[in-house]
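Chain identifiers are assigned alphabetically (A, B, ...) following the order of the sequence lines, protein sequences preceding nucleic acid strands; residue numbering begins at 1 within each chain.
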Amino acid sequence: MSILIRNTLSGAKEVFVPHEDGKVKIYVCGVTVYDDIHMGHARSMIVFDTIVRYLRHCGYDVTHVTNFTDVDDKIIRKAAEEGVGALELSARYIGHYFEDAAKLGIRKADIYPKASEEMDSIIEMVGEIIEKGFGYATDDGSVYFSVDKVKDYGRLTNQKIEYMESSGRVALDEQKRNPMDFAVWKAAKPGEVSWDSPWGKGRPGWHIECSAMIRKYLGDEIDIHGGGNDLIFPHHENEILQTEAVTGRPLSKYWMHNGMLQVQGEKMSKSLGNFFRVRDVSQKFDRYAIRFYFLNTHYMSPLLYSEEMLAEARTSLERLANNYTDLKAYVKQGPSGDGDVCDVTDEYRTGFMDAMNDDFNTRAAIEVMFQLARVTNKSMSEGTLSREGAAKFVRLLDEFNGILGIFPEDAGKDDGALDSVMGILIDLRAELRKRKAYDLSDLIRDRLGDAGIRLEDAGDGVKWKKI
RNA sequence: GUCGGGGUAACACAGUGGCUAUGUGGCGGACUGCAGAUCCGCAUACGGGAGUUCAAUUCUCCCUCCCGACCCCA
């Protein structure tokens, strides 16, 4: 079964066929580092982290590149306010980025290029754009891309750019030959961080860094280019123009865009100020709840953000996590049998993979996990599941979890010393209960609860877990 | 205005031309000394209109409402 990807370029789901068999080159737009990342960024990061995990799970050799925009107007402005250097400021937030990404269980990209460290390839590309007649330098030392030189501007946005509302907010710059022209190189103002170039001191335009880094690290044509859907225009549209002006070849075969996170009906964004930092949210919710919350919907849909939603995600997830730890425990306690549940586990695996293959439908994949939970919970309580069968389900859930990352991999892990101590306590408590000394048995349960261990008296035994 | 994504039961969010969605919450049971977990059952759906069809929530068209993009933005 092949993977279908909704390609922004065509608007349709297309069968995924990478340029090179078995290999995937993916570039995901990172963040502009002038502040901590917020939950909107988290969504994008978790979505593409999961996609990369899945592609790897399917056997693809994936090269994943995510950039940092560390030179930019806002960074410069904020650095000036704080009285620090622009690169000093961005370095600080890059540090925060990695701390926060770790809190979200994000697996690292292979390469994290920074605009400030890629000046040679950026300047080279700007030069090529001019050479090939797609750009022009102005008197003040800026370089603009000339949109009149391309015939199909708007391919990704799926419309003629001239039909888009001219909001009047496009900077009226007399240096530009066409108001839609955009800067690939910006002349430095006095005191700004800058680099030497053939056009004078300056810094890269927003879009050029991605074009240059992709080319340097992944080549002229990549397989997947991803990012938030707010980047489609102008950022990705302009990347296409720049790269294709230079290479004459399509930048990316597939374009994927995740939907925005909304706060009270509005997009969460730094400029609106209605954002929630990952570092704050993760004080209250762990990575598993956060990941579940995001993966419990399709990556393209808009998603409402609220603490209530996160809390609900946490509750829902607990059901799956309970099932997982229960199965692990059952492997040790359950009756032995022929363990021939192969067909059954295959059914769930197929269901899960079918969902993931259909444009990475994590929501539908999670539904399969809930079905699995219900069925195995039942067969465990009835004792009809063998320990060998339970072990197979555990391996299957490990497989799923390797892709989604929604519960701790070491959940229910053996802890010899604690295991035996708990065994003693549970036996002791069972004896007390037999003698109807409930005050004491309840005291043990309460005190264990205080210590972070939850006891559950199930019909067929006592379960305990760390919480 | 142009383009894109949506409107599914209390809430969230999948999906399908006819067959039990799923989770949270609610109600009622089972289990239980209690608590919790788990299981079983119940209730509330597919924005509006027209069309295609034996049959549409699912396809087509029209309308309407919401969100997003068009300065920066995941």
Side-chain angles (χ1 to χ4, degrees), chain A residues 6 8 11 28-32 34 37-48 66 69 72-74 154 156-171 180 206 226-235 237 257-262 265-272 275 292-293 296-298 300-304 306 308-309 311-320 322-323 325-326 355 358 361-371 373-382 433 436-439 441-442 445-446 449 454-460 463 465:
Chain A
R6 176 73 155 244
T8 310
V28 181
C29 275
V31 295
T32 304
Y34 68 94
I37 57 168
H38 60 63
M39 291 300 282
H41 302 121
R43 180 178 194 188
S44 191
M45 289 158 71
I46 287 170
V47 161
F48 285 103
T66 284
T69 300
D72 147 276
D73 289 340
K74 288 177 183 169
L156 194 63
T157 319
N158 190 29
Q159 68 177 314
K160 300 268 186 221
I161 298 299
E162 51 267 35
Y163 290 163
M164 291 167 77
E165 189 169 73
S166 60
S167 55
R169 288 178 293 185
V170 175
M180 293 305 292
W206 178 32
N229 68 15
D230 53 347
L231 295 178
I232 294 172
F233 186 90
H235 187 52
E237 198 76 63
H257 294 98
N258 64 276
M260 292 294 104
L261 201 54
Q262 296 179 7
E266 269 188 322
K267 172 181 145 185
M268 179 182 293
S269 76
K270 281 190 271 198
S271 39
L272 287 171
F275 61 91
F292 181 89
Y293 161 69
N296 198 213
T297 184
H298 188 82
M300 269 182 76
S301 309
L303 177 61
L304 303 170
S306 72
E308 289 71 31
M309 298 277 91
E312 187 184 321
R314 180 165 57 194
T315 307
S316 300
L317 174 60
E318 210 177 325
R319 186 172 163 74
L320 292 181
N322 282 343
N323 174 247
T325 50
D326 288 352
D358 185 10
N361 192 338
T362 51
R363 174 59 161 94
I366 284 172
E367 277 196 34
V368 173
M369 295 178 74
F370 276 111
Q371 280 161 15
R374 183 164 41 79
V375 170
T376 53
N377 278 336
K378 194 173 181 178
S379 57
M380 278 191 286
S381 66
E382 289 170 349
R433 291 178 69 206
K436 298 201 190 304
Y438 295 124
D439 51 343
S441 69
D442 287 354
R445 188 171 61 197
D446 290 348
R454 187 160 71 203
L455 276 190
E456 289 171 5
D457 299 316
D460 54 348
K463 292 189 292 193
K465 66 186 69 171

Whole-Å P distance, C3(B) and G15(B):
25 Å

Would you call Arg314(A) and Glu312(A) a salt bridge, taking side-chain N to carboxylate O under 4.0 Å as the test?
no

Could you check whether Gly227(A) gets within reach of a base, just the sugar-phosphate, or nothing at all, counting any heavy atom under 4.0 Å?
sugar-phosphate

Does NZ or CZ of Lys267(A) fall inside the cone over Phe275(A)'s six-membered ring, less than 6.0 Å from its centre and within 45° of the axis?
no

In whole Å, measure the gap between the C1' atoms of A21(B) and U8(B) for me.
11 Å

Would you check if the side chain of Asp358(A) reaches a backbone N or O of Asn361(A) as a donor-acceptor pair within less than 3.5 Å?
no

P atoms of U16(B) and U58(B), separation to the nearest Å:
13 Å

In whole angstroms, the gap separating C1' of G4(B) from NE2 of His257(A) amounts to 11 Å

Between C65(B) and A56(B) - P atom distance, rounded Å
27 Å

Separation of atom CG in Leu455(A) from atom P in G33(B), rounded to whole Å:
16 Å

Side-chain atoms of Glu266(A) come closest, of G68(B), C3(B), A37(B), to G68(B)

Distance test, side-chain N/O of Ser301(A) to OP1/OP2 of A14(B), below 4.0 Å
yes

Can you check the distance between U52(B) and C39(B), where both ends of the measurement are the C1' atom (answer in whole Å)?
45 Å

What's Arg314(A) touching, base or sugar-phosphate or nothing? Going by heavy atoms closer than 4.0 Å.
nothing

If each of Glu382(A) and Lys160(A) is mapped to the nucleotide of RNA chain B with the nearest heavy atom, which maps nearer the 5' terminus, i.e. the 5' end?
Lys160(A)

Is there a side-chain contact between Leu156(A) and Phe233(A) in this structure, where contact means two heavy atoms from C-beta onward sitting under 4.5 Å apart?
no

Would you mind telling me which of C13(B), C40(B), U38(B) lies closest to the side-chain atoms of Asn322(A)?
U38(B)

Any Lys436(A) side-chain nitrogen or oxygen under 4.0 Å from OP1 or OP2 of C34(B):
no

Rounded to whole angstroms, how far apart are CD on Gln262(A) and P on C67(B)?
8 Å

Looking only at side-chain N and O atoms, does Lys267(A) come under 4.0 Å of OP1 or OP2 in A69(B)?
yes

Within the structure shown, what part of the strands sits under 4.0 Å from Thr8(A) by heavy-atom distance: base, sugar-phosphate, or nothing?
nothing

Phosphate oxygens OP1/OP2 of A35(B): is one of them under 4.0 Å from a side-chain N or O of Arg454(A)?
no

Using the C1' atom as the point on both nucleotides, what is the distance between C54(B) and C67(B), in whole Å?
39 Å

What is the distance from CE of Met300(A) to P of A74(B), rounded to the nearest Å?
19 Å

If you look at every strand shown and take non-hydrogen atoms under 4.0 Å, does Gly30(A) touch a base, only sugar-phosphate, or nothing?
sugar-phosphate

In this structure, how many angstroms lie between the P atom of C11(B) and the CG atom of Leu303(A), rounded?
17 Å

For Asn229(A) and G5(B), give me the distance from atom CG to atom C1', rounded to whole Å.
8 Å

Could you check whether Met45(A) gets within reach of a base, just the sugar-phosphate, or nothing at all, counting any heavy atom under 4.0 Å?
nothing

When all nucleic acid strands are considered with a 4.0 Å heavy-atom cut-off, which category describes Phe233(A): base, sugar-phosphate, or nothing?
sugar-phosphate

Testing the 3.5 Å rule here: is there a donor-acceptor pair between the side chains of Asn296(A) and Thr362(A)?
no

For a side chain to side chain contact (heavy atoms under 4.5 Å, CB included) with His257(A), tell me which candidate from Val47(A), Asp230(A), Ile232(A) qualifies.
Ile232(A)

Touch check for Asp230(A), heavy atoms < 4.0 angstrom, all strands: base, sugar-phosphate only, or nothing?
base

Using a 4.0 Å heavy-atom cut-off across all strands, classify His298(A) as base, sugar-phosphate, or nothing.
sugar-phosphate

Only Watson-Crick and G-U wobble pairs with both distances less than 3.5 Å should count. Give RNA chain B in dot-bracket notation, marking inter-strand partners with |.
(((((((..(((.....[...))).(((((.......)))))....(((((..]....))))))))))))....

Below 4.0 angstrom from OP1 or OP2 of C39(B), is there any side-chain N or O of Asn377(A)?
yes

For Asp446(A), check side chain to side chain contact (heavy atoms under 4.5 Å, CB included) against everything at least two apart and list the hits.
none

At under 4.0 Å between heavy atoms, which parts of nucleotides 18-30 of chain B does protein reach? Answer with one letter per nucleotide, 5' to 3': B base, S sugar-phosphate only, - none.
---BBBS------

Between A14(B) and G47(B), how far apart are the two P atoms, rounded to whole Å?
15 Å

Checking only heavy atoms, does the side chain of Asp457(A) share a donor-acceptor pair with the base of C34(B) at less than 3.5 Å?
yes

Using a cut-off of strictly less than 4.0 Å, decide whether Asn158(A) has a side-chain nitrogen or oxygen near OP1 or OP2 of G4(B).
yes

Could you check whether Ser271(A) gets within reach of a base, just the sugar-phosphate, or nothing at all, counting any heavy atom under 4.0 Å?
base

In chain order, what residues pass the salt bridge (Lys or Arg N to Asp or Glu O under 4.0 Å) check against Arg433(A), with sequence neighbours excluded?
Asp457(A)

Assuming nearest nucleotide by heavy-atom distance, tell me which of Arg433(A) and Leu304(A) is located more 5' along RNA chain B.
Leu304(A)

Arg374(A): what forms a side chain to side chain contact (heavy atoms under 4.5 Å, CB included) with it, not counting sequence neighbours?
Arg319(A), Gln371(A)

Ignoring hydrogens and geometry beyond distance, is the side chain of Asp442(A) in donor-acceptor contact with the base of G33(B) at under 3.5 Å?
yes

Do Met268(A) and His38(A) touch side chain to side chain, with heavy atoms closer than 4.5 Å?
yes

Could you check whether Asp72(A) gets within reach of a base, just the sugar-phosphate, or nothing at all, counting any heavy atom under 4.0 Å?
nothing

Which part of the nucleic acid, if any, lies within contact of Met309(A), taking any heavy atom under 4.0 Å across all strands shown: a base, the sugar-phosphate backbone alone, or nothing?
sugar-phosphate

With rounding to the nearest 0.5 angstrom, report the NZ to OG1 distance, Lys463(A) to Thr325(A).
7.5 Å

Between P of G36(B) and CG of Asn323(A), the distance in whole Å:
20 Å

Can you name the residues that form a side chain to side chain donor-acceptor pair (under 3.5 Å) with Asp72(A), not counting sequence neighbours?
none

Whole-Å gap separating C1' (G68(B)) and CD1 (Ile232(A))
9 Å

Between the base of G36(B) and the side chain of Arg445(A), is there a donor and acceptor pair under 3.5 angstrom?
no

What interatomic distance, in whole Å, is found between C1' of G41(B) and the corresponding atom of C31(B)?
15 Å

Students often mix this up, so state it plainly: with edges at 30° and 60°, are the rings of Phe370(A) and Phe292(A) parallel, tilted or perpendicular?
perpendicular

